[in-house]
Amino acid sequence: MFTSYSKLATAVYDLDKPLGHSFKDVEYYQERLRGMKKRILEVAVGSGRMLIPLLEAGLIVDGVDNSSEMLASCKARCAELGLQPMLYEEDMQSLSLPHQYGAIIIPAGSFQLLEDREDALQVLDSFYHHLQPGGRLILDLFIPEEFTINQRTTRSWITPEKELITLETTLVEVDLLQQKNISYLRYEKWCKGKLIETELQRLPIRWYGMEEFQMILKSIGFTQITRSGGYQYGKEPVDSHEMITYEAIKP
């Protein structure tokens, strides 16, 4: 089982979320970072869905990811557009970069891929130390609402080469006390009715209560913490299905 995004997972991500695809988050992050002159870091940068629009808006943005396949896709996309960001292949848990940043961002709930709570706390502390004084941490969290064990969902995509990729997702474990769930993802590539490639992925998700995560940020040392629901800055979340964006300052 792989816990990072490998070849087929990256292909599906690029087909399902092509450059320009937004959940209203791209516009939100562009607005929150507008005019920033300092260097920005996007963690779990993937293939550049967020990074590239920020670069095109004139911001200085580095990216880090633990998937070599995702980073290769990001580099190729950037090269096509004449962009040359600094990209690093590292785990969040062992982050050690040569810069301090004016902002660190983690869109789309990617922080929740950290299964172990102690790892999550260590990562937040690392982010704190990678920020300049006055720097901002901005990240999205969500609360899962579907907990049907062994329920399977299947989706499919056609590649530019006219091959078929299918994705079967099965929720296999839910731990309400520890606030985490585990899904198994099975990717298959088909050509002319024959299975030519298979890939398995183990996908953990850990979630947090709103007050809980705010207290965690405070314990790390962050101040001026803002929670925003549905990508409307300063609007307190009111529905559990809303993406919750936290913004916090390193004093």
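Note that the coordinates shown come from a computational prediction; the quantities given were computed from them, not determined experimentally.
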Legend entry - Sub-4.5 Å side-chain heavy-atom contact between Tyr184 and Leu203: no

Legend entry - Pair Gln179-Glu212, side-chain donor/acceptor within less than 3.5 Å: yes

Legend entry - Residues Glu247, Arg136: salt bridge by 4.0 Å N-O rule: yes

Legend entry - From Ile244 atom CD1 to Phe142 atom CZ, the distance as rounded to the nearest 0.5 Å: 11.0 Å

Inset, instruction - Among Val43, Leu131, Ile220, find the one that has a side-chain contact (heavy atoms from CB on, under 4.5 Å) with Leu137. - result: Leu131

Inset, instruction - Without swapping roles, check the side chain of Gln132 against the backbone of Gly134 for a donor-acceptor pair under 3.5 Å. - result: no

Inset, instruction - Would you give the length of the straight line joining atom OG of Ser183 to atom CD of Gln151, rounded to the nearest 0.5 angstrom? - result: 10.5 Å

Inset, instruction - Would you please test Arg206 and Asp116 for salt bridge (charged side-chain N to carboxylate O under 4.0 Å, His left out) and show each step? - result: CA-CA 8 Å; Arg206 172 176 286 278; Asp116 184 82; over 6 Å; no

Legend entry - For the student: nearest non-hydrogen atoms of Tyr128 and Pro251, plus distance: OH-CD, 3.7 Å

Inset, instruction - Measure the spacing between NZ of Lys38 and CG of Leu33 and express it to the nearest 0.5 Å. - result: 13.0 Å

Legend entry - Sub-4.5 Å side-chain heavy-atom contact between Glu115 and Gln178: no

Inset, instruction - Could you check if a side-chain atom of Asn181 sits within less than 4.5 angstrom of a side-chain atom of Pro144, using non-hydrogen atoms only? - result: yes

Inset, instruction - Looking only at non-hydrogen atoms, find the nearest pair between Ala120 and Leu114 and report the distance. - result: CA-CD1, 4.0 Å

Inset, instruction - Please report the closest heavy-atom contact between Gln112 and Leu141, naming both atoms and the distance. - result: OE1-CA, 3.1 Å

Inset, instruction - Would you mind telling me which of Val61, Leu41, Leu54, Asp25 makes a side-chain contact (heavy atoms from CB on, under 4.5 Å) with Ile105? - result: Leu54

Legend entry - side chain to side chain contact (heavy atoms under 4.5 Å, CB included) evaluation trace for Leu217 with Leu124: CA-CA 8 Å; Leu217 291 174; Leu124 288 173; 4.3 Å; yes

Inset, instruction - Indicate if Leu55 and Leu71 have the same hydrophobic cluster label, given that clusters are the connected sets of ILVMFWY residues with side-chain heavy-atom separations under 4.5 angstrom. - result: yes

Legend entry - Side-chain donor or acceptor of Asp65 paired with backbone N/O of Gly46 under 3.5 Å: yes

Inset, instruction - State plainly whether one hydrophobic cluster holds both Ile106 and Met86, where clusters connect Ile, Leu, Val, Met, Phe, Trp and Tyr through side-chain heavy atoms under 4.5 angstrom apart. - result: yes

Legend entry - Heavy-atom side-chain contact between Val174 and Lys180 under 4.5 Å: no

Inset, instruction - Go through the side-chain N and O atoms of Asp62 and Tyr101 and say whether any donor and acceptor fall under 3.5 Å apart. - result: yes

Legend entry - NZ or CZ of Arg32 within 45° of Tyr233 ring axis and under 6.0 Å: yes

Inset, instruction - Would you check if the side chain of Glu197 reaches a backbone N or O of Leu8 as a donor-acceptor pair within less than 3.5 Å? - result: no

Inset, instruction - May I have the step-by-step check of salt bridge (charged side-chain N to carboxylate O under 4.0 Å, His left out) for Lys194 and Glu163, ending in yes or no? - result: CA-CA 10 Å; Lys194 293 183 178 180; Glu163 295 169 331; over 6 Å; no

Legend entry - Backbone N/O of Ser240 and side chain of Glu145: donor-acceptor pair under 3.5 Å: no

Legend entry - Main-chain N/O of Ile196 paired with Lys189 side-chain donor or acceptor, under 3.5 Å: no

Inset, instruction - Please report the closest heavy-atom contact between Ala44 and Ser110, naming both atoms and the distance. - result: CB-CB, 3.6 Å

Inset, instruction - Please work out whether the ring planes of Phe147 and Trp207 are parallel, tilted or perpendicular, with thresholds of 30° and 60°. - result: tilted

Inset, instruction - Check whether any side-chain heavy atom of Val26 lies under 4.5 Å from a side-chain heavy atom of Gln30, and answer yes or no. - result: yes

Inset, instruction - Apply the test side chain to side chain contact (heavy atoms under 4.5 Å, CB included) to residues Val123 and Leu95: give CA-CA distance (whole Å), side-chain angles for both, the deciding distance (0.1 Å), then the verdict. - result: CA-CA 8 Å; Val123 166; Leu95 193 66; over 6 Å; no

Inset, instruction - Would you confirm whether Glu242, through its side chain, and Val238, through its main-chain N or O, come within 3.5 Å as a donor-acceptor pair? - result: yes

Inset, instruction - Of all the heavy-atom pairs spanning Ile225 and Ala248, show the shortest one and how long it is. - result: CG1-CB, 3.9 Å

Inset, instruction - Go through the side-chain N and O atoms of Tyr5 and Glu69 and say whether any donor and acceptor fall under 3.5 Å apart. - result: no

Legend entry - Interatomic spacing from OG1 in Thr153 to CG in Leu167 - rounded to 0.5 Å: 7.0 Å

Legend entry - Spatial distance of atom CG (Leu97) from atom OH (Tyr88) [nearest 0.5 Å]: 6.0 Å

Inset, instruction - May I ask you to decide whether Glu31 forms a salt bridge with Arg34, counting only side-chain N to carboxylate O separations under 4.0 Å? - result: yes

Legend entry - Cluster overlap Leu15 with Ile52, hydrophobic side-chain contacts below 4.5 Å: yes

Legend entry - Ile104/Leu139 under side chain to side chain contact (heavy atoms under 4.5 Å, CB included): CA gap, chis, key distance, verdict: CA-CA 8 Å; Ile104 296 176; Leu139 77 162; over 6 Å; no

Inset, instruction - Mind checking salt bridge (charged side-chain N to carboxylate O under 4.0 Å, His left out) for Glu89 and listing every partner two or more places apart, or none if nothing turns up? - result: none

Legend entry - Sub-4.5 Å side-chain heavy-atom contact between Ile138 and Thr245: yes

Inset, instruction - Would you name the heavy atoms of Pro237 and Ser228 that are closest together and state the gap between them? - result: CG-C, 4.1 Å

Inset, instruction - For the pair Tyr187 and Thr166, evaluate side chain to side chain contact (heavy atoms under 4.5 Å, CB included) and give the outcome as yes or no after the intermediate values. - result: CA-CA 6 Å; Tyr187 300 86; Thr166 61; over 6 Å; no

Inset, instruction - Please answer whether the main-chain N or O of Gln93 pairs with a side-chain N or O of Asp91 as donor and acceptor at a distance below 3.5 Å. - result: no

Inset, instruction - Give a yes or no on whether the backbone of Arg39 and the side-chain of His99 come within a donor-acceptor separation of less than 3.5 Å. - result: no

Inset, instruction - Check the pair Arg227, Glu211 against salt bridge (charged side-chain N to carboxylate O under 4.0 Å, His left out), reporting the backbone distance first and the verdict last. - result: CA-CA 10 Å; Arg227 300 183 302 220; Glu211 300 300 332; 3.1 Å; yes

Inset, instruction - Give a yes or no on this: more than 12 heavy atoms of other residues, nucleotides or ligands lie within 6.0 Å of atom CD of Glu161. - result: yes

Inset, instruction - For Lys17, check side-chain contact (heavy atoms from CB on, under 4.5 Å) against everything at least two apart and list the hits. - result: Tyr13, His21, Phe23, Arg49

Inset, instruction - Assign the ring pair Phe127 / Phe111 to parallel, tilted or perpendicular, where the plane angle (0 to 90°) is split at 30° and 60°. - result: tilted

Inset, instruction - Kindly say whether Leu51 contributes a backbone atom to a donor-acceptor pair with the side chain of Glu42 at under 3.5 angstrom? - result: yes

Inset, instruction - Enter the distance from Gln84:CD to Cys78:SG here, rounded to the nearest 0.5 Å. - result: 9.5 Å

Inset, instruction - Examine distances only and state if a side-chain atom of Glu90 and a backbone atom of Asn66 form a donor-acceptor pair shorter than 3.5 Å. - result: no

Legend entry - Minimum side-chain heavy-atom gap Phe222-Ile249 below 4.5 Å: no

Legend entry - Enclosure of Lys24 NZ (heavy-atom neighbours >12, cutoff 6.0 Å): no

Legend entry - Side-chain touch Pro85/Leu83, heavy atoms, less than 4.5 angstrom: yes

